[in-house]
Amino acid sequence: MINKKLHTSMLISLLVIFSLMLTSCSNAKNNNSTDTKELNKKISKKLEAYQTDLLDNKTSMKNDDEIKNYLVNWGKAKGIQNETDKYGNVIMKVAASKKYSKAAPTVIICPYDNLNYEALIPVLSTSLYTIKNNEGTGALTVIFTKEKGHDFSGIKKLSAKYFTRGTKVFTLNSGEKGLASLKSGASSSYKFIQKITKVSPQNSQTYEIKIKGIPVNQPDQLINERTNPITKFENLLVSLKNKGINYEIADFKSGISPNLYSPAATLTIIIDENKNETFTEKMKNEIAKWKEEFSDKYPNAKYSFKKVQLPQSVISSQDTNKFVNFMYTTLNGVYEKDEKTGNIVSISNISQINITNNRLILTAISHALDSNKLKKIDTDIKTLCNLSDIEFIKTDAIPLWYSKSETSFSKDFAKAYKDSTGKNLKYSDSISATNASFVQQKNRKAEIVNLAINKDITTECTEAIIKFLVNSNKESK
């Protein structure tokens, strides 16, 4: 009887203890959830302030040196240790707190680039927020790498000393498609040169046709959703010819870098004065169709035409035909898709055009998720140039980067993303070449997660990085 009473008493005690434990766990879970929500509110509010400040300073950022000075002065004002190497890279550091002294160090690579400034605002704001508000976690280094037209010049020359064994590296990039990736494409950059002969114009009515105000960014998976002003005008030239409107080309210029989308283009042509009315009607229809398709996407863009003074010289008709035929056969957009999955395998972008003296110069870039696919594009374009009597020069190449499909780092970041956003993180391949390739060259064993950050996912990415840093002490145990 006594044993039975003792047994009942012990059972009741255990149930009470278990109930208290459940309540404690529930409270802890609720507290963690509340803490995460409050942290996310703070992140969102401060990110907005950082982005507003960066945007307000856009007009004063006339070159990369001014962006560098902005970053250095910002770091000093915030009391953050920073230095600048001789290649223009700005390195900011925060030491580990005592609580996180055993956590693995983290490095964030963030490019800055006057030619791609606005597209990089989400990337810059994420990096600035993280270095200033890392929640007293482990050793953190944010390196703002100098670029000129997305040429990776800063990261190429950056010292390998920042990528020590065990360091977790986030490589950040701009992109119209926001994603997290463990693989990024290889790329080839090209220059095409056509020798031209200048002659006196035979026609009398000169028109300057312009597209301007298209946002700059690097080519990525969404390339077919863009308008390329160079190919737009090439299509216009073909259409004019089909409509019986003969023309002479006086000038054609567009683009700011081989590695970026062109934001504007200017085409100057001379037509027969008897075709004025037909040409004017054609252009009004072209502009109306363009506005219907792109006015919502590019509210600040403008497509226009106007009469201008007759130039002294134009490209000969023979060279004009050669150029238009070459452009007609040159692909801009998605180059190849996987037959089974439908996923994009390779892309190509015509980036620049300019007429200098007796040369017409084009630049382009191709990206591919398979090195052999990229070699095929190289061969195809070179063959096309040879057939068209166009000089072909391969100006740059960036190797493929890939990580193991799953690493402890990628798993930890996916968990942090889930903890902070409530959503599952799916890693997707970046078809664009990224700075991760150069980090891997500096340390073959570097653990890397690449993030292409656009304005839609800036807050989510920042929240996840901060949560990863907060969790890093737990992972180190």
Side-chain angles (χ1 to χ4, degrees), residues 36 38-62 64 66-80 82 84 88-94 106-135 137 140-147 150 154-155 169-180 215-218 220 260 413 416-417 420-421 434-435 449-470:
T36 299
E38 289 301 315
L39 178 59
N40 289 352
K41 281 182 182 178
K42 182 178 80 170
I43 291 172
S44 180
K45 186 177 180 180
K46 289 197 173 183
L47 275 176
E48 186 177 347
Y50 285 134
Q51 291 180 73
T52 299
D53 188 57
L54 287 164
L55 194 57
D56 288 346
N57 280 280
K58 180 184 175 182
T59 53
S60 65
M61 305 293 192
K62 296 177 182 177
D64 282 345
E66 290 182 353
I67 301 176
K68 179 190 69 178
N69 292 337
Y70 172 91
L71 294 170
V72 169
N73 292 332
W74 183 92
K76 288 179 180 177
K78 304 298 182 183
I80 298 169
N82 74 85
T84 304
N89 299 309
V90 180
I91 301 99
M92 298 189 188
K93 295 181 179 181
V94 174
T106 301
V107 171
I108 296 174
I109 302 296
C110 171
Y112 71 91
D113 186 345
N114 174 59
L115 295 179
N116 196 29
Y117 181 78
E118 198 161 340
L120 283 169
I121 285 178
V123 181
L124 288 163
S125 60
T126 291
S127 303
L128 292 171
Y129 178 90
T130 306
I131 194 67
K132 178 65 176 70
N133 306 277
N134 73 325
E135 302 300 318
T137 52
L140 175 64
T141 303
V142 175
I143 306 175
F144 298 89
T145 53
K146 182 178 180 178
E147 292 188 359
H150 199 43
I155 186 72
V169 184
F170 289 102
T171 54
L172 310 188
N173 293 273
S174 68
E176 296 203 328
K177 182 176 178 60
L179 52 79
V216 178
N217 215 320
Q218 67 165 331
D220 65 7
L260 297 170
F413 182 67
Y417 184 88
S420 59
T421 68
T434 67
N435 40 20
V449 167
N450 179 69
L451 299 174
I453 304 178
N454 61 24
K455 62 182 181 181
D456 297 326
I457 64 168
T458 310
T459 302
E460 289 182 7
C461 288
T462 310
E463 290 169 355
I465 291 172
I466 294 296
K467 191 64 176 176
F468 168 80
L469 295 174
V470 171

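- Remark: aromatic rings of Phe468 and Tyr417 are distant, center separation not under 6.0 Å.
- Note that CZ of Phe144 is 6.5 Å distant from CH2 of Trp74, once rounded to the nearest 0.5 Å.
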Subject >> Verdict with supporting geometry, Ile143 and Ile108, side-chain contact (heavy atoms from CB on, under 4.5 Å) >> reply: CA-CA 6 Å; Ile143 306 175; Ile108 296 174; over 6 Å; no
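- Contact between Gly178 and Ile457 at its shortest, heavy atoms only, is CA-CD1, 3.5 Å.
- Interatomic distance, CD1 of Ile453 versus CG of Leu124, reported as 10.0 Å (0.5 Å rounding).
- Side-chain atoms of Asn82 do not come within 3.5 Å of backbone N or O of Lys93 as any donor-acceptor pair.
- Side chain of Asn57 to main chain of Asp53: a donor-acceptor pair is present (N/O by atom type, distance under 3.5 Å, no hydrogens or angles).
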**OP:** For Lys146 and Lys68, run side-chain contact (heavy atoms from CB on, under 4.5 Å): C-alpha distance rounded to whole Å, both residues' side-chain angles, the deciding distance at 0.1 Å, then the answer.
**Re:** CA-CA 8 Å; Lys146 182 178 180 178; Lys68 179 190 69 178; over 6 Å; no
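- In this structure, the side chains of Thr141 and Ile91 come closer than 4.5 Å at one or more pairs of heavy atoms.
- Annotation: side chain of Tyr117 is not in contact with side chain of Leu55 (no heavy-atom distance under 4.5 Å).
- A side-chain donor-acceptor contact under 3.5 Å links Asn133 and Lys46.
- With hydrogens and angles ignored, the 3.5 Å screen pairs no side-chain donor or acceptor of Asn217 with any backbone N or O of Leu260.
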**OP:** Could you check Ile465 against Tyr129 for side-chain contact (heavy atoms from CB on, under 4.5 Å), going step by step and ending with a plain yes or no?
**Re:** CA-CA 10 Å; Ile465 291 172; Tyr129 178 90; over 6 Å; no
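- Contact check for Thr458 versus Leu47: side-chain heavy atoms found under the 4.5 Å cut-off.
- Looking at every heavy atom in both residues, His150 comes nearest to Asp113 through N-OD2, 2.6 Å.
- Within the 4.5 Å cutoff, the side chain of Leu469 has heavy atoms near those of the Thr130 side chain.
- With 3.5 Å as the limit, one finds no donor-acceptor pair spanning the side chains of Asn173 and Thr434.
- A distance of 15.5 Å separates OG of Ser127 from NZ of Lys132, quoted to the nearest 0.5 Å.
- Distance check, rounded to the nearest 0.5 Å: CD of Glu463 to OG1 of Thr421 gives 7.5 Å.
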**OP:** Start with the C-alpha gap between Asn134 and Thr137, add the side-chain angles, then the distance that decides, and say whether side-chain contact (heavy atoms from CB on, under 4.5 Å) holds.
**Re:** CA-CA 6 Å; Asn134 73 325; Thr137 52; 3.4 Å; yes
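- Using modelled atom types, one side-chain atom of Asp64 and one backbone atom of Asn114 make a donor-acceptor pair closer than 3.5 Å.
- Listed by chain and residue number, nothing satisfies the ring-ring contact (aromatic ring centres under 6.0 Å, His included) test with Tyr112 (two or more places apart in sequence, or in another chain).
- To the nearest 0.5 angstrom, Gln218 atom CD is 13.5 Å from Lys177 atom NZ.
- Between Ser174 and Asn116, the side chains place a donor N or O and an acceptor N or O closer than 3.5 Å (distance only, hydrogens not considered).
- Annotation: the span from Cys461 atom SG to Asn454 atom CG amounts to 8.0 Å, rounded to 0.5 Å.
- Using modelled atom types, one finds a donor on one side chain and an acceptor on the other under 3.5 Å when comparing Thr126 with Thr462.
- Minimum heavy-atom separation, Pro122 to Ser125: O-OG, 3.0 Å.
- A salt bridge between Glu135 and Lys42 is present, with a side-chain N of the basic residue lying under 4.0 Å from a carboxylate O of the acidic one.
- The list of salt bridge (Lys or Arg N to Asp or Glu O under 4.0 Å) pairs with a residue in residues 120-131, not counting sequence neighbours, is empty.
- Asn89 and Thr145 are not linked by any side-chain donor-acceptor pair at a separation below 3.5 angstrom, with hydrogens and angles left out of the test.
- Nearest heavy atom pair, residue Asp220 against residue Gly175, reads OD2-C, 3.7 Å.
- At least one side-chain heavy atom of Ile109 sits under 4.5 Å from a side-chain heavy atom of Val169.
- In this structure, Lys62 places its NZ atom where only 12 or fewer heavy-atom neighbours from other residues, nucleotides or ligands lie under 6.0 Å away.
- Under the rule for a side-chain hydrogen bond (donor to acceptor under 3.5 Å, both in side chains), Glu48 has no partner lying at least two apart in sequence or in another chain.
- Of the possible donor and acceptor atoms, none in the side chain of Ser44 sits under 3.5 Å from a partner among the backbone N and O of Asn40.
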